[in-house]
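Letters A, B, ... mirror the listed sequences (proteins, then strands); counts begin at 1.
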Amino acid sequence: MDTNVQTITEQVSLIASEQTWIEGAAIQQLKKTAELDGMVRVAGMPDLHPGRGYPIGAAFYTRDKIYPALVGNDIGCGMSLWQSSLKVSKINLDKFAKKFARVEAPLDDSWCELVAERKKEKNITNHSFDLSLGTIGGGNHFTEFQAIDQVYDTDALSALGLDKKQLQLLVHSGSRGLGQSILVEHIRQFNHTGLNAGSENAQRYLQQHDEAVRWAELNREFIARRFLEAGKADGQMILDINHNLVTAKTLDNQNGYLHRKGATPSDAGYVVIPGSRGDYTYLVRPLPSDKSLYSLAHGAGRKWRRGECQGRLSHKYKKDDLYQTPLGSRVICGNKELLYDEAPQAYKKCQSVVSDMADAGLVEVIARLRPVLTFKTHGDCAG
DNA sequence: ATGTGC
């Protein structure tokens with residue numbers, strides 16, 4: 001018996017302990033998705049929650065079919081961890097928080113040369129969404145400064161070049177309007193029907209998809225660079241991992257396609273599993289395994305649906321109560337909806353999600369990071 | 001999720 005690997009049906013498995021709460025609707029979506037033509041196996045992660053038709057926090061393995069709708073609109077969305085040159089001990093939160101007034105506008109002319117150079121290096125030929133490059137976007141996207149709070153594997157931390165004294169920067173964003181435009185065009189032409197692998201249409205989608213993945217990577221890079229510049233710091237990228245994408249993958253000596261929707265690859269080196277803005281982020285070493293379709297949770301996972309959070313929180317918490325967290329961190333969020341929808345209370349405890357995976361033999365925890373400053377948006381009251 | 005809907 002595999003610990004924390006639940007068998008829902010012959011095709012569908014769920015990585016979670018019996019104690020981990022997962023919404024029934026998400027399990028139903030998982031089972032429904034397993035019925036798609038060409039679907040071989042489906043694996044839910046411990047952060048599984050309902051999405052629009054398809055669940056979030058899951059990996060889907062197909063043979064002969066590609067489903068753009070399973071990847072969704074935010075193609076290439078992921079997490080990027082940078083180490084800044086700033087010392088945690090030197091940070092004055094009041095002063096520091098004021099430095100990020102101009103990080104939401106399109107990148108100004110001073111970035112023009114570097115943008116052109118990096119786009120060329122990453123073979124990005126699409127220019128329609130240049131104004132969004134270097135911007136976080138909405139929803140659950142964020143930029144967060146963090147401090148390494150606990151170290152469980154000193155050697156691994158050093159091997160990654162991480163120094164406990166330095167302030168870290170975590171960026172969660174994706175391909176913005178570019179990924180959206182690719183999905184919208186696909187749905188217009190084919191609705192939710194899968195594409196035949198190897199067909200001209202599939203090849204065209206994959207080509208657009210791959211460019212959106214590279215665009216999303218570059219977006220996170222420029223978000224990190226502009227936040228570092230605003231904070232008067234340097235920095236270097238430690239890791240970058242995509243959790244919304246489809247890739248070719250050989251399983252059981254057969255070729256197929258692994259779709260990940262809010263599922264972090266476990267076959268691409270070290271990754272971070274971020275908690276909500278009031279919770280810890282975990283740096284882990286994935287142990288690649290077929291039982292989770294080479295995937296992991298991409299975060300703590302929603303407990304409450306978007307839109308229902310304000311109603312559940314507003315009687316108990318005033319807006320001002322949500323600008324700081326029990327871990328001592330600050331939140332910059334000028335948008336009322338996002339303030340409530342992304343509140344820590346709306347998410348599960350990240351520790352439980354990570355221990356579900358650790359007990360399943362899918363990860364080893366390297367370090368724990370605590371939030372220092374979470375940036376969402378200045379919203380209407382910018383400045 | 002969305003150079004975001006009425």
Any N/O pairs under 3.5 Å between the protein and nucleotides 3-6 of chain B? List them or say none.
| unit_1 | atom_1 | unit_2 | atom_2 | d |
| --- | --- | --- | --- | --- |
| B/dG3 | OP2 | A/Arg176 | NH1 | 3.2 |
| B/dG3 | OP2 | A/Gly177 | N | 2.4 |

**OP:** Quick one: name the residues clustered hydrophobically with A/Val184, using the 4.5 Å side-chain heavy-atom rule over I, L, V, M, F, W, Y, and just say none if it's on its own.
**Re:**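 Members other than A/Val184 - counting any ILVMFWY side chain reachable under 4.5 Å - there are none.
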Original post:
Which other residues belong to the hydrophobic cluster containing A/Ile182, where Ile, Leu, Val, Met, Phe, Trp and Tyr are joined when side-chain heavy atoms lie under 4.5 Å apart, directly or via other members?
Top reply: A/Ile66, A/Val71, A/Ile75, A/Leu107, A/Trp111, A/Leu114, A/Val115, A/Ile124, A/Phe129, A/Leu133, A/Leu178, A/Phe190, A/Leu195, A/Tyr205, A/Leu206, A/Val213, A/Trp215, A/Leu218, A/Phe222, A/Leu245, A/Val246, A/Tyr257
Original post:
Is A/Glu23 paired with A/Arg305 through a side-chain N to carboxylate O contact shorter than 4.0 Å?
Top reply: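 Judged by the 4.0 Å cut-off on N to carboxylate O distance, A/Arg305 and A/Glu23 do form a salt bridge.
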Subject >> SB check A/Asp47 A/Lys348 (cutoff 4.0 Å) >> reply: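 Here A/Asp47 does not pair with A/Lys348 in a salt bridge, since their nearest N and O are not under 4.0 Å apart.
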Original post:
When we call it a touch if two heavy atoms are under 4.0 Å apart, what does A/Gly139 touch: a base, just sugar-phosphate, or nothing?
Top reply: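 Result for A/Gly139 = sugar-phosphate.
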**OP:** Report which part of the nucleic acid A/Gly51 touches: base, sugar-phosphate, or nothing (heavy-atom distance under 4.0 Å, all strands).
**Re:**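 It contacts nothing in the nucleic acid.
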Original post:
B/dT2 C1' sits how many Å from A/Ile187 CD1, rounded?
Top reply: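 In whole Å, B/dT2 C1' lies 14 Å from A/Ile187 CD1.
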Original post:
Would a line drawn from the ring center of A/His186 to the ring center of A/Tyr67 be shorter than 6.0 Å?
Top reply: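 Centroid separation for A/His186 and A/Tyr67: 6.0 Å or greater.
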